[in-house]
Amino acid sequence: MVNSMTGFAAATGGQGPYRWAWELRSVNAKGLDLRLRVPDWIGGLEQGARAELARRIKRGNISLNLRLTREAGDAPFQVDSDMLHAILAALKQVERAAKEQNLPLRPASAAEVMGMRGVLQTGPADEDTGPLLKALLGELPALIDAFDEMRAGEGASLAAVLHDQLGAIEALIADAMREADARQGQMAVSLRSNLARVMDHSEGADEARVAQELALIAVKADIREELDRLEAHVLAARDLLRAEGPIGRKLDFLMQEFNREANTLCSKSQSTALTRIGLDLKATIDQMREQVQNVE
């Protein structure tokens, strides 16, 4: 089953005076990259969420955001003075550097500064955040389920495209085989003619040695081995598309093997028709590789 690395899910909830909104989204990546934006005053929230995401998701650039609000009157907002002073100092440094480069900057508003992470704390320092932590982490499995459902839907569409592209590659392999069969007799005649011409003009040459060299040339011009490997790669790709779990890395490696065989076929073609088929193969393989980049 193919899963896409592109996905999105959202959920809202609340407990007591708190209301929250989760957003989980992802794009493709070489590995698993988790980026979380959650309130740092709820001890254990980031660690728990990170562990759950890593357990359920194996690949992708994952962003998890939590917007948490508290009903007015329940608790005053608190400003982290140390963080505020650090951010203001950084803003001054940026403004000086911009001025030296003659780059005009719009002054940051107080609301923008308060919105920077860590400046404004919405929970009182003496509050027991255990029940809130439990409620928030308890919503993550359902959120990830919805996220996985979307990625599976995207993956099904990806799999259909990949199967079509594999079918196109199979058709091109069949065309190449027919072309190779058609030119087989012509190549044999050409080799015999070349051998006779060389022997006529090479008095004293070792006939066996010359024949051996021409046989090597014939082997180098034979594309059947490349076509057999391409057929094997197609079967391997179809098996991967039916496999469970993340398959993106294996598919990506297989696409490199596809491309290597197509390059060799082009270099050994010795005919316009085979060269055209080889170029069509390379184009289809390149299109397929673009799709593979989004497979988990």
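Just so you know, these numbers use all the heavy atoms, side chains as well, and skip hydrogens, waters and symmetry mates.
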(message) W20 vs L132, test: side chain to side chain contact (heavy atoms under 4.5 Å, CB included). Steps then yes/no.
(response) CA-CA 11 Å; W20 57 76; L132 180 59; 3.6 Å; yes
(message) According to ring-ring contact (aromatic ring centres under 6.0 Å, His included), does anything in residues 274-296 pair up with another residue at least two apart or in another chain? List the pairs.
(response) none
Listed pairs under 3.5 Å, donor-acceptor, residues 81-105 side chains, sequence neighbours left out:
from: H85; atom 1: ND1; to: S81; atom 2: O; distance (Å): 3.3

(request) Measure the spacing between CD of E46 and CG of L66 and express it to the nearest 0.5 Å. (result) 11.5 Å
(request) Specify the closest pair of heavy atoms between A262 and K282, including all atoms of both residues, with the distance to one decimal. (result) CB-CG, 3.7 Å
(message) Looking at R35, I'd like to know if its CZ atom is crowded, meaning that more than 12 non-hydrogen atoms belonging to other residues, nucleotides or ligands lie closer than 6.0 Å.
(response) no
(request) Could you go through the side chain to side chain contact (heavy atoms under 4.5 Å, CB included) check for L241 and L166 one step at a time? (result) CA-CA 11 Å; L241 292 176; L166 287 171; 3.9 Å; yes
(message) Would the distance check show the side chain of Q293 and the main-chain N or O of R289 forming a donor-acceptor pair, the cut-off being under 3.5 Å?
(response) yes
(request) Rounded to the nearest 0.5 Å, what's the gap from CD on Q291 to CG on L251? Could you check? (result) 11.5 Å
(request) State the CZ-CD1 distance between R59 and I247, to the nearest 0.5 angstrom. (result) 10.0 Å
(request) Could you tell me whether the side chain of V38 reaches within less than 4.5 Å of the side chain of L136, counting heavy atoms only? (result) no
(message) Does anything in residues 10-23 form a salt bridge (Lys or Arg N to Asp or Glu O under 4.0 Å)? List the pairs, not counting sequence neighbours.
(response) R19-E71, E23-R25, E23-R67
(request) Please report the shortest heavy-atom distance between S4 and N294, naming the atom on each side. (result) OG-ND2, 3.1 Å
(request) Please examine the side chains of E231 and M177, heavy atoms only from C-beta on, and report whether any two atoms are closer than 4.5 Å. (result) yes
(message) For a 4.5 angstrom cut-off between non-hydrogen side-chain atoms, does T129 reach L45?
(response) no
(request) Tell me whether L279 is reachable from L274 by hopping between hydrophobic residues (I, L, V, M, F, W, Y) whose side-chain heavy atoms are closer than 4.5 Å. (result) no
(message) With a 4.5 Å cut-off on side-chain heavy atoms, are I62 and F147 touching?
(response) yes
(request) Could you tell me whether D252 and R249 make a salt bridge, using a distance below 4.0 angstrom between a side-chain N and a carboxylate O? (result) no
(message) Is there a side chain to side chain contact (heavy atoms under 4.5 Å, CB included) between E290 and D286? Walk through the geometry before answering.
(response) CA-CA 6 Å; E290 289 181 4; D286 189 56; 4.0 Å; yes
(request) Report the hydrophobic cluster partners of M150, with the cluster defined as I, L, V, M, F, W, Y residues connected by side-chain heavy atoms closer than 4.5 angstrom, directly or transitively. (result) F8
(request) Look up atom CG in L230 and atom CD1 in I285, then write down how far apart they are to the nearest 0.5 Å. (result) 6.0 Å
(message) To the nearest 0.5 Å, what is the distance between CG on D239 and CG on L254?
(response) 10.0 Å
(message) Counting neighbours of NZ on K58 that are heavy atoms of other residues, nucleotides or ligands and sit closer than 6.0 Å, is the number greater than 12?
(response) yes
(message) Can you tell me how far apart CD1 (I57) and CG (L24) are? Round to the nearest 0.5 Å.
(response) 5.5 Å
(message) Please find the pair of heavy atoms, one from A176 and one from L227, that lie closest to each other, and give the distance.
(response) CB-CD2, 3.6 Å
(message) Does anything in residues 246-294 form a ring-ring contact (aromatic ring centres under 6.0 Å, His included)? List the pairs, not counting sequence neighbours.
(response) H233-F258
(request) Please report the shortest heavy-atom distance between L172 and I277, naming the atom on each side. (result) O-CG2, 3.5 Å
(message) Determine whether a donor-acceptor pair (N or O, by modelled atom type, separation under 3.5 Å) exists between the side chain of R151 and the backbone of T6.
(response) no
(message) Same cluster or not: M5 versus M288, using hydrophobic residues (I, L, V, M, F, W, Y) connected whenever any side-chain heavy atoms lie under 4.5 Å apart?
(response) no
(request) Take L64 and R50 through the side chain to side chain contact (heavy atoms under 4.5 Å, CB included) test and state the conclusion after the steps. (result) CA-CA 9 Å; L64 177 68; R50 188 177 293 274; over 6 Å; no
(request) Could you list all the side chain to side chain donor-acceptor pair (under 3.5 Å) pairs where at least one residue sits in residues 160-175, not counting sequence neighbours? (result) H163-R238, E170-R238, D175-R178
(request) For Q15, look at atom CD and say whether over 12 heavy atoms of other residues, nucleotides or ligands are found less than 6.0 Å away. (result) yes
(request) Might you point out which heavy atoms bring T284 and A168 nearest each other, and give the distance in Å? (result) CG2-CB, 4.1 Å
(request) Over all heavy atoms of both residues, which pair between E52 and I144 is shortest? Give the atoms and the distance, please. (result) CG-CD1, 3.7 Å
